[in-house]
Enquirer: 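I am attaching a structure below and will ask some questions about it afterwards.
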Amino acid sequence: MTKPNDERPNSSSSDPELGDLSARLKDLSSRIAAERREHSESTKPQTSLQHASDYARGYKLISEFAAGTLVGGLIGYGIDRMFGTLPFGLIIFLLLGFGAGFLNLARAANRVPPAQARLGSTPPPKAAHDDEEED
């Protein structure tokens, strides 16, 4: 009887292509580990006040809104005191101040461009013309 031949490759013979592949895999693993360490160190929270500009921007937005509402309310109250129509001028100008404050808030947040930029940036629509003229 003959021995069955093993189809497994001999472990002592190393394929140069597989050796290169395992070396590249080890190199890639070490580079990924180094990147993860570097990334974890860079994402640690900073103890300084680096985000102070975000707080400043928030306070600026709130003050824009509050100033518009407050000025509208004061103008309305002043008009009511001069003409003796206490609730009506206050309510109307308070609402106008609220709208102006909201518009200032949107402009300060760079959401709405000023009116000149809106009007100057879009060309007027072209006039429609007929393809066939009626006689």
Enquirer: Under the rule for side-chain contact (heavy atoms from CB on, under 4.5 Å), what residues qualify as partners of Ile62, not counting sequence neighbours?
Expert: none
Enquirer: How many angstroms lie between OH in Tyr77 and CG in Leu86, if you round to the nearest 0.5 Å?
Expert: 6.5 Å
Enquirer: How long is the straight-line distance from CG of Asp80 back to CG of Leu90, given to the nearest 0.5 Å?
Expert: 6.0 Å
Enquirer: Kindly write out the residues that satisfy side-chain contact (heavy atoms from CB on, under 4.5 Å) with Ile91, not counting sequence neighbours, or none if the list is empty.
Expert: Pro87, Leu95
Enquirer: Please identify each residue that fulfils side chain to side chain donor-acceptor pair (under 3.5 Å) with Asn104, with sequence neighbours left out.
Expert: none
Enquirer: Which ILVMFWY residues are connected to Leu96, directly or by a chain of links, through side-chain heavy atoms under 4.5 Å apart?
Expert: Val71, Ile75, Ile79, Met82, Phe83, Ile92, Phe93
Enquirer: Say you draw a straight line from CZ of Arg31 to CZ of Arg24; how long is it, rounded to the nearest 0.5 Å?
Expert: 10.0 Å
Enquirer: Among residues at least two apart in sequence or on other chains, which ones pass salt bridge (charged side-chain N to carboxylate O under 4.0 Å, His left out) with Arg36?
Expert: none
Enquirer: Between atom CG of Leu105 and atom CZ of Phe98, what is the distance when rounded to the nearest 0.5 Å?
Expert: 9.5 Å
Enquirer: Tell me which donor-acceptor pairs under 3.5 Å the side chains of residues 63-70 have, and how far apart each pair is, sequence neighbours excluded?
Expert:
from  : atom 1 : to    : atom 2 : distance (Å)
Ser63 : OG     : Tyr59 : O      : 3.2
Ser63 : OG     : Lys60 : O      : 2.8
Thr69 : OG1    : Phe65 : O      : 3.1

